[in-house]
Amino acid sequence: MIVIMQPGASQTQVDHVVQLVKDFGLREHVIVGTDRTVVAAIGDKRNVDKGAIENAAGVDRVVPILAPYKVASREVKRESSVIPLGSGASLGGRKVAMIAGPCSVESREQLMEVAEAVKEAGAVGLRGGAFKPRTNPYEFQGLGEKGLELLAEARERTGLAVVTEVMSIDQVDLVSRYADVLQIGTRNMHNFNLLSACGGTDKTVMPKRGWSATLDEFLLAAEYVINAGNSNVILCERGIRTHETYVRNTLPLAIIPAIKRESHLPIVIDPSQGTGHAYMVPAMCRAAVAAGADGLLIEVHGDPEHAMTDGAQSITPETFAKTMRELGAIASAVGREC
Ligand code: PEP
Ligand code: MN
């Protein structure tokens, strides 16, 4: 349930409500909005005296949260969240955040070339996998810590925020030492222990939607992170599995308005995993920005034909720069900027 405080309720009144919530064995999550504060009370409500909370000074009303997810829900926080991306950039505000870079970090030369090019074209974040979740165990698994070091070096050079995947709980500390944003891959969206472990860090966390997860399951994955104490969560749609074969995954852009209705969290679209084909990526970038995406996660490679992973869906730095120019016009048509 959520306790909606009256506009202008004092800090002492909010603190008192928090104490009451705790006394009833619930966990509190305080959201300070522009006009009022809301205290979300999470947990088993069977022994809660709702009237006692309702009568506390400064309380306007107590209402149940109907959605299965609570702190990720827009019922709890009406204003859209602006989440820090790192290096001074953020995601969820007026500016649509572009996160671009290779699928995998392959070498210093490859990474620095792409990082400088995407920065020049207007990206604010650098993507690149150091630990790669590969279906085939004999394929390139990523450079590991060496890849993380290169990402940190690229951040140093360009000022781009680093977004990279963490595949398991035992990697969380290591990846957190280098990354600004911890990406949780589609295959791990149901790894609840990993979600909670990332929720225990002070890094922004970006779960990608499981390729067969429903919207509710996706938001419940975000709920795990927030529930573990970390509200800095970005959602990423990367396409789902359908019967269709002309795409690697089917990219459901309708999730953008759906997420905007259901949650206050920002949504990023990954048109690279979302289509599997470089030629489709610019069109899906344009469509995503037009539909209200808060950011894009795009695979860019200096030599896609020789990329160690996902070359077929990687665009070149030149195509990225051209796409950025087109996105500027679309963003301003929908009240945003790139
Ligand atoms: C990636 O971003 O390269 C990746 C492996 O993503 P996903 O988990 O969406 O497949
Ligand atoms: Mn990839």
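Start at 1 and go down the list; that is how both ligands and their atoms are numbered. Computed over heavy atoms, backbone and side chain alike; hydrogens, waters and symmetry mates excluded.
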Under 4.0 Å from one or more heavy atoms of Glu299, ligand 1 contributes atoms 1 (C), 3 (O)
Leu182 pairs by side chain to side chain contact (heavy atoms under 4.5 Å, CB included) with which of Thr204, Asn232, Thr201? Thr201
For Arg336 and Lys95, work out which heavy atoms get closest and say how close. NH2-O, 4.4 Å
Ligand-residue contact atoms, ligand 1 with Arg187, heavy atoms, under 4.0 Å: 8 (O), 10 (O)
So is Cys103 in contact with ligand 1, going by heavy-atom distances below 4.0 Å? yes
Closest approach of any protein heavy atom to atom 9 (O) of ligand 1, naming residue and atom: Arg238 NE, 2.6 Å
Could you walk me through whether Arg127 and Glu299 satisfy the salt bridge (charged side-chain N to carboxylate O under 4.0 Å, His left out) test, starting with their C-alpha distance in whole Å, then the side-chain angles of each, then the deciding distance to 0.1 Å, before giving a yes or no? CA-CA 8 Å; Arg127 63 146 293 147; Glu299 289 183 345; 3.4 Å; yes
So, of the N/O/S atoms that Glu299 has, which is the nearest one to the Mn ion (ligand 2)? OE2
Angular separation of Cys103 SG and Asp310 OD2 about the Mn ion (ligand 2), given to 10°: 90°
For the pair Lys322 and Glu326, evaluate salt bridge (charged side-chain N to carboxylate O under 4.0 Å, His left out) and give the outcome as yes or no after the intermediate values. CA-CA 7 Å; Lys322 179 170 180 282; Glu326 293 164 353; 3.1 Å; yes
Among Leu91, Val162, Asp180, Leu160, side chain to side chain contact (heavy atoms under 4.5 Å, CB included) partner for Leu85: Leu91
Got the closest protein heavy atom to atom 6 (O) of ligand 1, with its distance? Lys208 NZ, 2.9 Å
Can you report which non-hydrogen protein atom sits closest to atom 8 (O) of ligand 1, along with the distance? Thr186 N, 2.8 Å
Is there a nitrogen or oxygen of Asp270 sitting under 3.5 Å from a nitrogen or oxygen of ligand 1? no
Could you list which atoms of ligand 1 come closer than 4.0 Å to a heavy atom of Gly185? 8 (O)
Take Lys70 and Glu223, measure what salt bridge (charged side-chain N to carboxylate O under 4.0 Å, His left out) needs, and give me the verdict at the end. CA-CA 7 Å; Lys70 308 295 175 192; Glu223 186 87 6; over 6 Å; no
Proximal ligand 1 atoms for Lys132, defined as those under 4.0 Å from one of its heavy atoms: 1 (C), 3 (O), 5 (C)
Name the residue from Ile42, Leu265, Val233, Val225 that meets the side chain to side chain contact (heavy atoms under 4.5 Å, CB included) definition with Val71. Ile42
side-chain contact (heavy atoms from CB on, under 4.5 Å), that's the test. Do Arg238 and Trp211 meet it? Break it down for me. CA-CA 8 Å; Arg238 48 80 70 207; Trp211 60 43; 3.6 Å; yes
Below 3.5 Å, N or O to N or O, backbone or side chain included: is there any such pair between Glu165 and ligand 1? no
